[in-house]
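Side chains are part of it too, since the values below use all heavy atoms of this structure and drop only hydrogens, waters and symmetry mates. Along the sequence shown, the residues carry numbers beginning at 1.
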Amino acid sequence: MTAHSRPARPVMLGQNQYGKAENRVVKITRDGDTHHIKDLNVSVSLSGDLEEVHLSGSNAHCLPTDTTKNTVYAFAKEYGIESAEQFGIHLARHFVTSQEPIHRARIRIEEYAWERIATSDANSRFIGADEVRHSFVRKGQETRLTEITYDGEQWQVISGLKDLVVMNSTNSEFWGYIKDKYTTLKEAYDRILATEVSGRWRFNWTDDEQRMPNWERSYEQVKKHMLQAFAETYSLSLQQTLYQMGSRVINHRSEIDEIRFSLPNKHHFLVDLEPFGLKNDTAEGAVYYAADRPYGLIEATVLRDGVEPKIPVDLTNL
């Protein structure tokens, strides 16, 4: 039988999902004259018994994505936003339990932080002005992340952050590496170590019988331990620093079983100032060129002993 005369193999529908991406919702909570902000970017993705909408175009099992958008806003008003994780859990549970064809919901949330603007003392305020508790400035440190997945029985919560830029201006070295005919990099015994932290951590809370973590406190503590480990590690490589950051989190936060980092090495190279008769010595305070690209990219997962890794290796779409 020739290739042209072979019977056609049946075509099968593979994995599929649908939903409304990037619903921007801002919830203001008023506590008297003091206001609080929760600012989220919520993406809803649903999967389940959805073959016919692909094969025949029947929408009988299809909850419109516009409805999922409306649900996000309605839930923000009805339940408030205690935390990104708690809000995602409310949404995921609703979609799976209220719609029979929907077997699995994935809610991804980015949270943008705001902090209160400190106002001037009473003597320098405009006449008639009261203490201001409703003015905010957007924090620029990092974006908080969470992904909640629910299948009607089991939960998976992976939280994290991105765009957290950190630097050690000393206590970092890099030497003793492989050298071949293409190696031009000079060994460094006092260098800047800088990176832009992208991290995800998985909670061991998986069902409603377990005690739920305090999501807000957990985030604050994970970030604290990461930053302390970065600052306190005398680093011989960014890999060593990454492992210290991850192990500090696992050792101090019992609710977390796994953490994965993607750390671009934001290189700072000493500028050659000898042509101008200037010595550029790190001991005296040096001048550096901050390189944009290319950059070293260090990625690894740190796990509690005996735990199976579940955070995807590629964080670009997580």
Side-chain angles (χ1 to χ4, degrees), residues 141-143 160-202 222-252 256-318:
Q141 275 193 307
E142 84 274 359
T143 299
L161 56 78
K162 64 179 181 179
D163 305 327
L164 181 64
V165 181
V166 292
M167 173 192 287
N168 284 331
S169 56
T170 189
N171 283 3
S172 177
E173 305 178 18
F174 187 61
W175 51 271
Y177 42 80
I178 295 171
K179 300 178 182 69
D180 65 14
K181 66 180 181 178
Y182 301 112
T183 302
T184 59
L185 185 70
K186 294 180 180 179
E187 293 188 332
Y189 296 89
D190 185 3
R191 68 169 185 168
I192 285 177
L193 182 69
T195 187
E196 184 176 299
V197 180
S198 179
R200 308 289 190 279
W201 47 89
R202 181 170 57 83
V222 170
K223 182 183 172 185
K224 180 192 79 171
H225 288 301
M226 284 193 314
L227 291 177
Q228 287 179 348
F230 179 84
E232 296 168 8
T233 300
Y234 191 105
S235 180
L236 299 176
S237 67
L238 184 51
Q239 286 92 329
Q240 178 192 16
T241 298
L242 180 155
Y243 181 75
Q244 290 300 317
M245 293 166 67
S247 60
R248 178 99 51 124
V249 171
I250 296 296
N251 286 331
H252 285 85
I256 292 167
D257 276 356
E258 174 188 7
I259 185 167
R260 182 166 179 82
F261 291 108
S262 180
L263 302 182
N265 198 332
K266 299 182 78 66
H267 299 298
H268 289 70
F269 297 113
L270 285 166
V271 179
D272 181 9
L273 297 177
E274 289 187 9
F276 317 118
L278 297 171
K279 187 178 181 182
N280 199 16
D281 191 343
T282 56
E284 299 172 353
V287 175
Y288 298 86
Y289 165 63
D292 178 51
R293 61 193 65 177
Y295 52 84
L297 182 59
I298 314 301
E299 299 178 304
T301 300
V302 182
L303 299 154
R304 195 174 300 282
D305 188 30
V307 167
E308 179 186 347
K310 294 182 180 179
I311 299 176
V313 169
D314 184 1
L315 296 183
T316 55
N317 193 36
L318 180 63

Ignoring hydrogens, what is the shortest heavy-atom contact between Ser169 and Asp190? Give both atom names and the distance.
O-OD1, 4.5 Å
Between Thr233 (side chain) and Phe230 (backbone), is there a donor-acceptor pair under 3.5 Å?
no
On a heavy-atom basis, which atom in Arg200 and which in Ser198 lie closest, and how many Å separate them?
NH1-OG, 3.1 Å
From CD (Glu196) to CE (Met167), nearest 0.5 Å:
12.5 Å
May I ask you to decide if Arg191's main-chain N or O and Tyr288's side chain share a donor-acceptor pair within less than 3.5 Å?
no
Assess the residue pair Lys223 and Glu142 against the criterion (salt bridge (charged side-chain N to carboxylate O under 4.0 Å, His left out)); give the C-alpha distance rounded to whole Å, side-chain angles, the decisive distance to 0.1 Å, and a yes or no.
CA-CA 10 Å; Lys223 182 183 172 185; Glu142 84 274 359; 3.0 Å; yes
Residues pairing under salt bridge (Lys or Arg N to Asp or Glu O under 4.0 Å) where one sits in residues 238-249, two or more places apart or in two chains, turn out to be Glu232-Arg248
With no hydrogens and no angle check, is any side-chain donor or acceptor of Thr195 less than 3.5 Å from a backbone partner on Pro264?
yes
So for atom CD, which belongs to Glu274, do other residues, nucleotides or ligands contribute more than 12 heavy atoms lying within a distance under 6.0 Å?
no
Quick one: does Glu258's side chain have a donor or acceptor within less than 3.5 Å of a partner on Ile311's backbone?
yes
Nearest heavy atoms of Val271 and Tyr289, plus distance in Å:
CG2-N, 3.6 Å
Say you draw a straight line from CG of Leu303 to CD1 of Ile256; how long is it, rounded to the nearest 0.5 Å?
12.5 Å
How long is the gap from CE on Met245 to CE on Met226, to the nearest 0.5 Å?
5.5 Å
Taking every non-hydrogen atom, the tightest pair across Asp180 and Tyr182
OD1-N, 2.8 Å
Would you call Glu308 and Arg202 a salt bridge, taking side-chain N to carboxylate O under 4.0 Å as the test?
no
Do the side chains of Leu270 and Lys186 get nearer than 4.5 Å, heavy atoms only?
no
Tightest non-hydrogen contact, residues Leu242 and Ala300, listed as CD2-CB, 3.6 Å
About how many Å separate CD1 of Ile298 and CG of Leu238, when rounded to the nearest 0.5 Å?
5.0 Å
Under 3.5 Å, side chain of Arg304 to main-chain N/O of Ile250, donor-acceptor pair present?
yes
Hey, is the main chain of Val313 close enough, under 3.5 Å, to the side chain of Glu299 for a donor-acceptor pair?
no
Please collect all side chain to side chain donor-acceptor pair (under 3.5 Å) contacts where either partner lies in residues 234-243, sequence neighbours excluded, each pair once.
Glu173-Tyr234, Ser235-Thr241
Under 6.0 Å from the CD atom of Glu187, do we count more than 12 heavy atoms belonging to anything else shown?
yes
Nearest non-hydrogen partners of Tyr295 and Asp292, listed with the distance
CD2-O, 3.7 Å
Residues pairing under ring-ring contact (aromatic ring centres under 6.0 Å, His included) where one sits in residues 264-285, two or more places apart or in two chains, turn out to be His267-Phe269
Quick one: does Asn280's side chain have a donor or acceptor within less than 3.5 Å of a partner on Val287's backbone?
yes
The reported gap from CG in Asn171 to CG in Leu236 (rounded to nearest 0.5 angstrom) is 10.5 Å
Rounding to 0.5 Å, atoms CG (Asp272) and CG (Leu278) come to a distance of 10.5 Å
